[in-house]
Amino acid sequence: MTDRQTGLPDAGRPAEDLLAELRALTAADLPTRGGRTTAYTYDAGRPEVRAAAEGAYLAMLEVNGLDPTAFPSIVALERQVVGAVAARLGGDERTPGIFTSGGTESILLAVKAARDARPEVAEPEIVVPATAHAAFFKAGTYLKVKVVAVPVDPETFRAVPAAMAAACTERTVLVVASAPSYAHGVVDPVAAIAAAAAERGLPCHVDACVGGWLLPWLAEAGAEVPPFDLSVPGVTSLSCDLHKFGYAPKGASVLLFRDQPMRLAAYFACAQWPGYPVVNSTVQSSKGAGPLAGAWATLQALGADGYRELGRAALDATRRLVAGVGAVDGLRVLGTPDATLVAIGTEGDDPVDLWELADESRARGFFLQPQLSVDGLPASLHVTLTGVSGHGVDALLDALRESVAAVRARGPVAPPTEILALLDGLDFTTLDDATFAALLPATGLDLSPEAATRMAGVNRLLNALPPHLRDQLATRFLSALYSPYLGK
Ligand SMILES: Cc1ncc(COP(=O)(O)O)c(C=O)c1O
């Protein structure tokens, strides 16, 4: 029997039942292991490492990271995890750090620390390369800090230090570089950017969220990795996600600071309410200790040699993919990747439709993540290669070649002129949900899970829209997706 109000069963269900239901639900998800989902997931390909992480996560399931005096285990684990990351990334045992839930939270806290360290600046700004991760724009929105996005070199996709320096004003509270950028996998000239920031007395954050726990192992495997970490003069903070190339379960990132006062500026305390005195190092207050334990266990279970091997394998896979893509007529790799992230773009007079290519590749078992064109930077498909990607590179190249042929055989696709005309002048923010839902069929957006396999029309439309309309449309789509009364 079901409870009429909540839809819950009146009598609790057995765990096996629930797990079976979860297995059925996740059957429609992209695979999280095996390397064919070339974004979102990082598979170390080692069952014993996963078992260690799972066991550690479950062992700490009920521990609340809110209060380190009540649960000293979290202090011991965080010290070890932060210490390992600091030691590998140019710091030492005195380097202050914070374990956070992910790259976005690390970046939010880095921006908050920089903003709060300069309370005299009434309208603070951060200077970022145009290729910086969206998390900086999110931080800007949440923290009321203006984001000054500086164009990057259109050939190399790297930040231009002189242009970054020129964008600094008396309102600037932080300068940012990526190591590497997510979209193109290239490392910005960190040393020059940090030096220019230091000359102006400004802090410099290195976003090594995706690269921090990858680049050092690639360097050991023989890759040329430009200096990017805390050993670079002028770098004052750095973010490094362990739930990416640390291969840890999601919810794991480390934010390092060069000095203690900056970490203090990231903290929050409140003893002016009648409940328990709050002091937090992170945005979250009550939080599970599972991700911390999972990250700790993954680091310990893989060990430095494990990361070395995974790094070598990912580097080899990347070199094979880059060479193979270059040989596919109509495709090219954008820039020269420094890490194991590759942006596949088009070339020639008769470019392949990337959005159709993504759908065709997905039909052949490979998810390639669409990246829209922005401010003169071309559109591309993203591939992150991990330690297990090597097994699938030949199959991925086959899938790409076949997909290009299929897309070409179908001929060019008309631009979404009619839909653009329909959307022109619409203010999505004022539409009610029902009107928005009625618009969906015309836009090609579809709320059903099956629609996710044919996204070309949606991507083409998003790519044709100006960025503020992309954001509005995407926001309304998300809202509709989570509204069960729509799309039925
Ligand atoms: C360079 C970079 N910064 C920040 C982030 C944001 O990380 P998260 O998704 O963990 O919030 C990512 C995610 O891919 C990234 O690649």
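As a basis for the values below, the full set of heavy atoms in this structure was taken, side chains included, without hydrogen atoms, waters or symmetry mates. Order of appearance sets the numbers: ligands from 1, and atoms from 1 within every ligand.
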- Query: Looking only at heavy atoms, which two atoms of S361 and L400 are closest? And how far apart?
  - Reply: OG-CD2, 4.2 Å
- Query: Which atom names give the shortest non-hydrogen contact between A39 and H382, and what distance separates them?
  - Reply: CB-CD2, 4.4 Å
- Item | Heavy-atom neighbours of E48 CD exceed 12 at 6.0 Å | yes
- Quick check, are the ring centers of Y307 and F245 under 6.0 angstrom apart? no
- Message: Taking R362 first and then D359, would you say they form a salt bridge - that is, a charged N and a carboxylate O separated by under 4.0 Å?
- Response: no
- Do R118 and L202 come within less than 4.5 Å of each other through their side chains, counting heavy atoms only? yes
- Note on the structure: Under 4.0 Å from ligand 1, residues with heavy atoms, in chain and number order, are G102, G103, T104, I107, H133, P180, Y182, D207, C209, V210, D241, H243, K244
